[in-house]
Visitor: 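Sharing a structure here in structure tokens format.
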Amino acid sequence: MEPAINSYPDESFEDYSVSGDQVVTYKKAGERRLFTNPDIDEMREYFREHKSRRMTNKVTTVQEAVSRLIADGDYLAVGGFSTTRKPISVLHEIMRQKKRNLGYSGHTTTHDLQLLIAGKCINRCDAAYVVTLEARGFSLIMRKAFESGEVEVTEWTNGTLAWRFKAAAMGISFVPTRSLLGTDTLKYSAAVEMPCPFTGKKFAALPALFPDVGIIHVHRCDIYGNCQIDGLTMFDYDIARAAKKLIITTEEIIPNEEIRRRPHLTVIPYYYVDAVIEVPMGAYPTNMPYLYFSDEDYFAELIAAEKDEKAFKEHLDKYVYNVDNHWSFLQASGGLQRLSALRARETHRYEKGGY
Amino acid sequence: MTAYSKIELLICQVARLLEDGCTLAVGTGMPCAAAMLAQKTVAPNLILFFEAGGIGPILTEMPITVGNSRTFFKGISASSLAEVMETSQRGLLDYALLGGAQIDMYGNLNTTFIGDDHDRPNVRLPGSGGGNDLASTCWRFIIIMRHQKRRFREKMDFLTSPGYLTGKGAREKIGLPPGGGPYKVVTNLAVLGFDEETKRMQVETIHPGVTKEEIIAETGFELLWSPQITESTPPTEEELHILRTEVDPNRYLLDRDFS
């Protein structure tokens, strides 16, 4: 029997397409500066030119990666969330290399932005959540930077920054959302109001965010940069795809065979990655899910030190400027014994551990 | 009857508002304590969403950050921020618990700055975080606030997250989904709701020992008063026991002064 090409009666279809000469108007709602270019064709050219589709060994050092891939004035998007899975080794190196006038995506950024502001590296920020270390309290140095005008601010929300990365990752220049509407957050953003061409309903159009550099700490990857992340992916799936340059630090480097054995675990494939550095305990003093917990004593010491200029300078010298790399930082922080205690505090290892 | 503190009373009021079998976005601190208490009393099947992607964790202790290991411990999913916010935008997030530095009579919230100049604020606050996203698209949000005149404002310094904006119908007119908005405001003095006709804040229950005058004195705008004002029901022995021995045994929260 011949299968019917269209087995449904015509009347079961409704036509939802745009009808007539609907006028679509765009209203500039956000008055603040857009720090990054949302043009997708420039990005397509950039990606074609600079992202090698060849699987090559990308293993290097933190020092070399920061020196080669981060330029003064670049806009950074850092992976993880607040004090979880932050690429601390790279942030310290940015401070030591005295990178200047960097832009920053402020999707719940706490200790990471605190470091870069202390290093005088930042001059502009897309702010969704800034200036505190969450329940641990305000960071005085971050507040000062935001209250003095030292950092230029455009307001966003965690959701809208996530979707700006997502638009970029999709390869489109904007994405509509229902967040922001009716608020001062919208007015102090760089979003635009627009009606949906199909339903006429109003949305805030968010410009795609292509950071110059993405920096993400992962649980494991191979030498080519095929990455696995255990636990929350936060913003990182999209940051990896949106970033012009991508630096990966990893707890461990594993054989490519391991990646190929369980390909469903690959969150970031190699062709987005520009540098791979093996940095065990690389998120310390932040939490690395399943491996080690955040060092709350370190954060308490840091917040206390911020209250006194001299104490804060000493803190930075001890932990950042007078150490060469993450190994020396870990030594300065109490070495193996300290790290072992944090492994015992990790929630997923010991049910009653952690905070 | 066991003596209780203001903060214990407040956490119990919030917990009792939560429904079993619902989804709830929470942060750290009091919202988290209220959610944990609800799970152990009125809402054992309440599914918690932490904004960084932790969904349905079994909380044995309160997390100190909304993105750490605790937020997805024994959870049903370790996802992403986009997943949580898109679940809200899609209409599957029933409740969110939010706070703020300032609030107005329509339940709009300021968490961005105090002062009169955005670029030179007297005090820079964290900003929206996920607050604006959740206030825009979850079905109902509950606000936990310290009841003080400098916080309950006729005019806020900045409108970070939308309550009812300028009154009935304003959310829908501006493009926000119909049917959403603030549900209750729970403070150290009272539980407040929103008048159906005007969407203005109205007092519903007054905490034991608190006077009407006290509430008026600590509110910077004209409040409406529900025709059936009652006294807030104090914490039960069971609620206090759970709060003190299971929710916050280390008293990170319970020792805070919230009067």
Side-chain angles (χ1 to χ4, degrees), chain A residues 80-84 106-108 110 127-132 134-136 143 146-149 153 155-160 162-163 166 177-185 188 193 201-204 230-238 287 289-290 293-294 296 346-348 351-352 354-355, chain B residues 28-29 50-54 60-73 78-82 84-86 88-89 108 110 112-113 115 118-134 136-137 156 158-162 165 170-171 173-177 252:
Chain A
F81 185 99
S82 187
T83 46
T84 301
H107 51 281
T108 297
T110 58
Y129 188 96
V130 294
V131 307
T132 86
E134 288 189 81
R136 306 173 188 93
R143 261 184 53 180
F146 278 81
E147 289 166 3
S148 67
V153 178
E155 300 286 340
W156 298 95
T157 70
N158 274 341
T160 54
W163 292 320
K166 177 173 271 195
T177 172
R178 305 183 95 168
S179 292
L180 299 176
L181 297 171
T183 64
D184 290 333
T185 314
Y188 284 80
E193 280 181 13
K201 292 187 177 176
K202 200 200 282 182
F203 287 91
D230 297 344
L232 308 177
T233 51
M234 284 102 170
F235 298 72
D236 298 359
Y237 182 94
D238 293 316
N287 173 209
Y290 301 100
F293 207 70
S294 53
E296 292 308 317
E346 165 56 18
T347 314
H348 294 275
E351 189 157 335
K352 274 293 181 185
Y355 289 82
Chain B
T28 54
F50 285 91
E51 66 171 341
T60 49
E61 279 181 55
M62 282 188 288
I64 45 166
T65 130
V66 294
N68 79 1
S69 286
R70 283 221 167 277
T71 63
F72 60 99
F73 179 63
S79 70
S80 65
L81 190 124
V84 172
M85 296 311 174
E86 286 161 18
S88 180
Q89 192 163 251
N108 301 308
N110 174 16
T112 302
F113 76 89
H118 173 270
D119 296 340
R120 296 286 188 283
N122 299 343
V123 182
R124 172 70 208 199
L125 302 167
S128 158
N132 174 291
D133 307 297
L134 296 167
S136 296
T137 61
M156 300 192 301
F158 191 90
L159 197 167
T160 311
S161 301
L165 298 173
R171 283 175 65 95
K173 195 163 166 245
I174 209 80
L176 291 169
Y252 295 121

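Chain letters run A, B, ... following the sequence lines, proteins first and then strands; every chain starts at 1. The analysis underlying the following values was restricted to heavy atoms, covering all of them including side chains, and did not include hydrogens, waters or symmetry mates.
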Visitor: Among B:S128, B:S88, B:P126, B:A52, which residue has the highest count of heavy-atom pairs closer than 4.5 Å to chain A?
Guide: B:P126
Visitor: With the side chain counted from C-beta on, respond yes when A:T108 and B:E51 share a heavy-atom pair under 4.5 Å apart, and no when they do not.
Guide: yes
Visitor: Please classify the contact of A:F81 with chain B as side chain, backbone, both or neither, using a heavy-atom distance under 4.5 Å.
Guide: side chain
Visitor: Rounded to the nearest 0.5 Å, what separation is found between the OG1 atom of A:T347 and the CZ atom of B:F72?
Guide: 8.0 Å
Visitor: For the residue pair B:D133 and A:W163, establish whether any side-chain heavy-atom pair is separated by less than 4.5 Å.
Guide: yes
Visitor: Among B:S161, B:G67, B:G53, B:P162, single out the residue with the greatest number of heavy-atom pairs under 4.5 Å to chain A.
Guide: B:G67
Visitor: Does the ring pair (Phe, Tyr, Trp, His ring centres under 6.0 Å) test come out yes or no for A:F146 and B:F113, once each step is laid out?
Guide: CA-CA 10 Å; A:F146 278 81; B:F113 76 89; over 10 Å; no
Visitor: Taking side chain as C-beta onward, heavy atoms only, is A:T183 less than 4.5 Å from B:T160?
Guide: no
Visitor: Can you tell me which of A:L181, A:T83, A:T132, A:T233 forms the most heavy-atom pairs within a distance under 4.5 Å of chain B?
Guide: A:L181
Visitor: Under a 4.5 Å heavy-atom cut-off, does chain B meet the side chain of A:F203, its backbone, both or neither?
Guide: neither
Visitor: Please classify the contact between B:S69 and chain A as side chain, backbone, both or neither, with a heavy-atom cut-off of under 4.5 Å.
Guide: both
Visitor: Could you go through A:E296 and B:I64, starting from their C-alpha distance and side-chain angles, then the distance that decides it, and tell me whether this counts as side chain to side chain contact (heavy atoms under 4.5 Å, CB included)?
Guide: CA-CA 10 Å; A:E296 292 308 317; B:I64 45 166; 3.2 Å; yes
Visitor: Can you tell me how far the CZ atom of B:R70 sits from the OG1 atom of A:T84, to the nearest 0.5 Å?
Guide: 12.5 Å
Visitor: Who among A:A162, A:A127, A:G182, A:A135 has the most heavy-atom pairs with chain B under 4.5 Å?
Guide: A:G182
Visitor: Given that the side chain runs from C-beta out, which part of B:T112 has a heavy atom under 4.5 Å from chain A: side chain, backbone, both or neither?
Guide: side chain
Visitor: Would you say the side-chain atoms of B:Q89 and A:T177 include a donor-acceptor pair closer than 3.5 Å?
Guide: yes
Visitor: Do A:L232 and B:T71 have side chains that approach each other closer than 4.5 Å (heavy atoms only, starting at C-beta)?
Guide: yes
Visitor: Taking the side chain as every heavy atom from C-beta outward, state whether A:H107 and B:L81 have any atom pair closer than 4.5 Å.
Guide: no
Visitor: Could you check if a side-chain atom of A:K202 sits within less than 4.5 angstrom of a side-chain atom of B:L176, using non-hydrogen atoms only?
Guide: no
Visitor: What part of B:L134 lies closer than 4.5 angstrom to a heavy atom of chain A: side chain, backbone, both or neither?
Guide: neither
Visitor: Using heavy-atom distances under 4.5 Å, tell me whether B:T65 contacts chain A through its side chain, its backbone, both, or neither.
Guide: both
Visitor: Looking only at heavy atoms and a cut-off of under 4.5 Å, which of A:N158, A:T110, A:V153 has the most pairs with chain B?
Guide: A:N158
Visitor: Are the charged groups of B:E86 and A:K166 less than 4.0 angstrom apart, N to O?
Guide: yes
Visitor: Look at the side chain of B:N132 and the backbone N and O of A:L180, then say whether any donor-acceptor pair between them is shorter than 3.5 Å.
Guide: yes
Visitor: Using a cut-off of under 4.5 Å for heavy-atom pairs, which of B:S80, B:G129, B:A78 has the most such pairs with chain A?
Guide: B:G129
Visitor: Parallel, tilted or perpendicular: which describes the rings of B:F158 and A:Y188, with under 30° parallel and over 60° perpendicular?
Guide: tilted
Visitor: So, A:E147 and B:N122: side-chain donor and acceptor under 3.5 Å apart, yes or no?
Guide: no
Visitor: Kindly determine whether A:V131 and B:L125 satisfy side chain to side chain contact (heavy atoms under 4.5 Å, CB included), including the steps that lead there.
Guide: CA-CA 7 Å; A:V131 307; B:L125 302 167; 5.7 Å; no
Visitor: With a 4.5 angstrom heavy-atom cut-off, which part of A:S82 approaches chain B: side chain, backbone, both or neither?
Guide: side chain
Visitor: Does any heavy atom of chain B fall under 4.5 Å from the side chain of A:T157, the backbone, both, or neither of them?
Guide: both
Visitor: With a 4.5 angstrom heavy-atom cut-off, which part of B:V84 approaches chain A: side chain, backbone, both or neither?
Guide: neither
Visitor: Measure the CD-CG distance between A:E134 and B:N68 for me, rounded to the nearest 0.5 Å.
Guide: 8.5 Å
